[in-house]
Protein chains: 2
Amino acid sequence: MPLQLSVDRNSPVPLYFQLSQQLEAAIERGALTPGSLLGNEIELAGRLGLSRPTVRQAIQSLVDKGLLVRRRGVGTQVVHSQVKRPLELSSLYDDLEAAGQRPATRVLANTVVPATAEVAAALGVGEGGEVRRVERLRLAHGEPMAYLCNVLPVGLLDLESGQLEETGLYRLMRAAGITLHSARQAVGARAATRAEAERLDEPEGAPLLTMERTTFDDTGRAVEFATNVYRASRYSFEFQLLVR
Amino acid sequence: MPLQLSVDRNSPVPLYFQLSQQLEAAIERGALTPGSLLGNEIELAGRLGLSRPTVRQAIQSLVDKGLLVRRRGVGTQVVHSQVKRPLELSSLYDDLEAAGQRPATRVLANTVVPATAEVAAALGVGEGGEVRRVERLRLAHGEPMAYLCNVLPVGLLDLESGQLEETGLYRLMRAAGITLHSARQAVGARAATRAEAERLDEPEGAPLLTMERTTFDDTGRAVEFATNVYRASRYSFEFQLLVR
DNA sequence: AAGTGGTCTAGACCACAGC
DNA sequence: CTGTGGTCTAGACCACTTC
């Protein structure tokens, strides 16, 4: 029993995208089981009334996502999966919300300051140039989870403290039309200083997770430099890496 | 002065790949500066004696890598970069070697054991089924850096302790014809227990970086489950995330 | 209006896997 | 040998951006 597939030529959605979505949905709901063959491209194209390149484009996007494998002389198979969908650029706010933790934010600072050497290097602005600095305490269930310090180029977007208490920074950036593309991160650990310990309600010397992140938009501009500190007892990062 | 580009039709290397490599090299050596336009696809195709789809395929691969941006009605531009090449699936051995640290490995255990529930779930084998467990201490300059515990399906590859002392696990897997595709990681921190402290030459309670990783090959099979512990005073992770 | 990338077609030949 | 995906061509029309 072949899979039920069809495309709508009157839709503004590209045909290859319609097809790849249907295939992805079929894989996700188990209609296409791991290891099963997809049927050859030419036959599939004929069945759908599409050209082979269009079908290939649909399949290729799923290969890139890691859902399908192609083998010359064999065919296209559903991956022997366990691999779930890649995680998005981790956003603490979204993570907490998804976990049903009802995140809250306390804005500790939201000012324009001169860039330090480190910030200037990360954001690609001149040292001493103006940048916006936002310091926030992120809480879940009233308990502090992390101390977040973000530095952004001025003029990139309006950041009102009120908005920052309502939602996450990445959502505000996306809403401002910024297309996030990638982020370079460094994750480490260290013992809490006295000030950090107090802020995060941990004993002095408690292990903290640290993260430095520079985020880039789709034009390669650095749009944010973050130095965050998380309570290791309450939070860990999860993410998926792709091998190139 | 247009860029010097050419393709060799007698080469077994695909034409689109030849082109994308030349463009990438030109970007990397600065012959194509950030923000500069690439020239439209049809003209480029004509100049190289290629068809437009072939040129598009070359350009698309660089767009996927984040080196180029396309804008309808505008053209294809070199990204306003700072974004360096994405990091490979981080391998401690390679990281250390690249940093000139001359890594060494001490194999503490290399045995076949029954899978715990956690391992069984990660590797997709039956609970209690046989798996290979490798415990290693990784050193740099004679100092311990990390304690690595890897569990693999039996029969995936031969793992001799001698080889494990010579090189990294991922290199051995690649050499055995396994194509690594992606990894799901969780990174956290905690205070060192007494046993860990002793093994890593840290004081008890010192902050440690922890990582759990399940690695998948290109067919989606889980090929490794790792639980590693790093001295936070000596090591931090760097990696690049792509936003989807 | 002109120029760009985005999508799509209907073919073609080749390289590799499996029988 | 047969069937599969991998590569490539020479067009076409559309949507969007800029002037």
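Sequence lines set the chain letters: A, B, ... in the order given, protein chains first and strands last, and positions in each chain run from 1.
The nearest whole Å value for the distance from the CD atom in A:Gln77 to the C1' atom in C:dG18 is 13 Å. Residue B:Leu48 contributes atom CG, which lies 14 Å from atom C1' of D:dC8 at whole-angstrom precision. One interatomic measurement links the two molecules: CD of B:Gln18 to C1' of D:dT7, which rounds to 12 Å at whole-angstrom precision. Following rounding to the nearest Å, A:Leu50 (CG) and C:dC8 (C1') show an atom-to-atom distance of 9 Å. Separating the CZ atom of B:Arg52 from the C1' atom of C:dT9 is a distance of 14 Å, rounded to the nearest angstrom. Rounded to whole Å, the distance from CZ on B:Arg70 to C1' on C:dT7 is 11 Å. Separating the CD atom of B:Gln60 from the P atom of D:dC8 is a distance of 16 Å, rounded to the nearest angstrom. For A:Glu41 and C:dA12, the CD to P distance is 17 Å, given to the nearest whole Å.
A:Ile42 comes within 4.0 angstrom of nothing in the nucleic acid, heavy atoms only.
A sub-4.0 Å separation between OP1 or OP2 of C:dT7 and a side-chain N or O of A:Tyr16 is present. The phosphate of D:dT4 has neither OP1 nor OP2 within less than 4.0 Å of any side-chain N or O from A:Thr76. Not one side-chain nitrogen or oxygen of A:Arg71 sits closer than 4.0 Å to the OP1 or OP2 atom of C:dC16.
Checking B:Arg132 against B:Asn110 by side-chain atom types alone, a donor-acceptor pair falls below 3.5 Å. Side-chain atoms of B:Glu224 and B:Tyr170 form a donor-acceptor pair, as typed in the model, at a separation below 3.5 Å.
In this structure, the nucleotide among C:dA10, D:dT4, D:dA10 sitting nearest to the side chain of A:Ser51 is C:dA10. Closest contact between the side chain of A:Asn40 and the listed nucleotides C:dC8, D:dC8, D:dG5 involves D:dG5. If you check D:dG11, C:dC16, D:dC8 against the side chain of A:Arg72, the one that comes closest is C:dC16. Checking D:dT17, C:dG6, C:dC8 against the side-chain heavy atoms of A:Thr54 singles out C:dC8 as nearest.
A side-chain donor-acceptor contact under 3.5 Å links A:Glu165 to the backbone of A:Val107.
Inter-residue side-chain proximity for B:Leu152 and B:Val131 is flagged as unmet; no heavy-atom pair is nearer than 4.5 Å. By the 4.5 Å heavy-atom criterion applied to side chains, B:Leu44 and B:Arg52 are not counted as neighbours.
Sequence order on DNA chain C of the closest nucleotides to A:Gly49 and A:Val74 puts A:Gly49 first from the 5' end. DNA chain C is contacted by both B:Ile59 and A:Val13; B:Ile59 maps to the nucleotide lying nearer its 5′ end (nearest heavy atom per residue).
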